[in-house]
There are 2 protein chains.
Amino acid sequence: MARSATTTDAFAAIAEPRRREILGVLAKAQADGHRGVAAAPEHDVTWLVEELGWPQPQVSKHLSVLLQVGLVSVVRKGRRRMYSLNADELRPVFDWVKQYEKFWEHQLERIKARAERMHRERTSNQTHRGPVPPSQAPSD
Amino acid sequence: MARSATTTDAFAAIAEPRRREILGVLAKAQADGHRGVAAAPEHDVTWLVEELGWPQPQVSKHLSVLLQVGLVSVVRKGRRRMYSLNADELRPVFDWVKQYEKFWEHQLERIKARAERMHRERTSNQTHRGPVPPSQAPSD
DNA sequence: TTAATATATTCTGATATAGGAATATATCAA
DNA sequence: TTGATATATTCCTATATCAGAATATATTAA
């Protein structure tokens with residue numbers, strides 16, 4: 001078997017930085033309101049191409065993935081297609097990652113507690129690996 | 001070019017469901033404390049293999065990816081390697097997706113407002129696509 | 001030393017990208 | 001009808017997976 005398809009779910013779709021960028025541009029466009037005037041929620045592919053500076057086919061292909069996953073919606077308007085953000089589909093990602101919030105929320109307390117512990121204790125005999133642990137392992 | 005490497009960042013790493021599962025198991029193990037006794041933050045590969053029910057090489061390989069991205073840490077202990085969750089590296093994902101929270105936070109209000117609008121208005125002439133748009137595009 | 005245990009690594013094959021280039025399709029304009 | 005514009009799709013290639021099987025490596029036990 002190979003890697004799971006990018007169109008499997010939001011997790012797979014947003015793994016690609018460029019797709020996150022597209023969502024970001026659409027979000028910005030939707031959020032930015034000028035002087036109380038609501039921002040445009042929909043946008044042209046041409047507009048996106050200009051905004052992103054990528055080749056049009058590339059933009060279209062990424063939009064296709066986002067569409068299949070439901071992260072964007074389309075409305076045909078003449079020969080144009082108006083895309084808009086569908087942030088709803090990001091909720092599963094949010095909910096999943098939110099579960100882990102507690103692990104860094106209390107980190108400060110834990111670090112403090114460990115510091116005190118290490119004042120008395122003196123364990124060793126352990127090798128360390130892994131990218132820069134937030135706190136030094138007591139490897140003395 | 002091909003797809004970006006799974007070891008590029010947390011986004012790429014957690015695109016794989018099995019890797020999310022591993023993180024989930026490590027999180028559960030770390031969170032579950034029994035009768036005020038702190039849960040074990042570190043775990044054997046063997047323990048993970050039993051917990052997950054996958055072939056050992058598969059577990060090791062996924063752990064390798066998670067390690068490279070920094071989502072887990074390792075401590076060697078005899079012939080065993082104790083892995084532990086490093087949720088810190090999930091923060092970028094959390095921060096990114098949190099930006100989009102506002103788009104579904106106010107959704108109820110928007111839906112209500114739109115419902116009222118549609119009571120009077122009656123536009124149509126637009127083709128729809130995309131997975132169940134939560135809201136009709138107000139094309140006025 | 002030899003065996004057993006714990007874990008990582010290598011090799012293989014099927015597959016799905018992502019980007020680039022070219023092209024097809026649909027719609028509007030003249 | 002012919003041309004122009006907007007967008008999608010197809011073909012190509014290089015690459016990186018993921019699972020499975022087999023094997024290598026390191027450590028402890030006998």
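Residue A/L52 contributes atom CG, which lies 12 Å from atom P of C/dG19 at whole-angstrom precision. Across the protein-nucleic acid pair, B/W54 atom CH2 and D/dA19 atom P stand 8 Å apart, rounded to whole Å. Atom CZ of B/R80 is separated from atom C1' of C/dT5 by 11 Å (rounded to the nearest Å). As a whole-Å value, the separation of B/E50 CD from C/dT7 C1' is 14 Å. Nucleotide D/dA8 holds its C1' atom 14 Å from the CG atom of A/D44, rounded to whole Å. We find that CE of A/M82 is positioned 12 Å from C1' of D/dA6, with the value rounded to whole Å. Taking atom CD on A/E42 and atom C1' on D/dT7, their separation rounds to 16 Å, with Å as the unit.
One finds no salt bridge joining B/R18 and B/E21 here, because no Lys/Arg side-chain nitrogen approaches an Asp/Glu carboxylate oxygen to under 4.0 Å. Under a 4.0 Å N-O distance rule, the pair B/R80/B/E42 does not qualify as a salt bridge.
Listed for the B/R20 side chain is a donor-acceptor partner under 3.5 Å among the backbone atoms of B/I14.
Counting heavy atoms from C-beta on, the side chains of A/L63 and A/R19 never come closer than 4.5 Å.
No hydrogens or angles considered: nothing links the side chains of A/T46 and A/E50 as a donor-acceptor pair under 3.5 Å.
Between A/F94 and B/F94, the ring planes are parallel. Angles under 30° get that label, and only those over 60° would be called perpendicular. In this pair, B/F103 and B/Y100 present their aromatic rings tilted. The plane angle is within the 30 to 60° band.
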Which protein N or O atoms sit under 3.5 Å from an N or O of nucleotides 1-5 of chain D?
unit_1 : atom_1 : unit_2 : atom_2 : d
D/dT5  : O2     : A/R79  : NH1    : 3.2

Pull out every protein N or O sitting under 3.5 Å from an N or O of nucleotides 11-17 of chain D, one pair per line with the distance.
unit_1 : atom_1 : unit_2 : atom_2 : d
D/dT17 : OP1    : B/T6   : N      : 2.6
D/dT17 : OP1    : B/T6   : OG1    : 2.8

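Contact annotation: B/Y83 does not reach the phosphate of C/dA6 (side-chain N/O to OP1 or OP2, under 4.0 Å). The phosphate of C/dA18 (OP1 or OP2) has no side-chain N or O of A/Q58 nearer than 4.0 angstrom. Within the 4.0 Å cut-off from OP1 or OP2 of C/dT27, not a single side-chain nitrogen or oxygen of A/R81 is found.
In terms of position on DNA chain D, the residue among B/G78 and B/Q56 whose nearest nucleotide sits closer to the 5' end is B/Q56.
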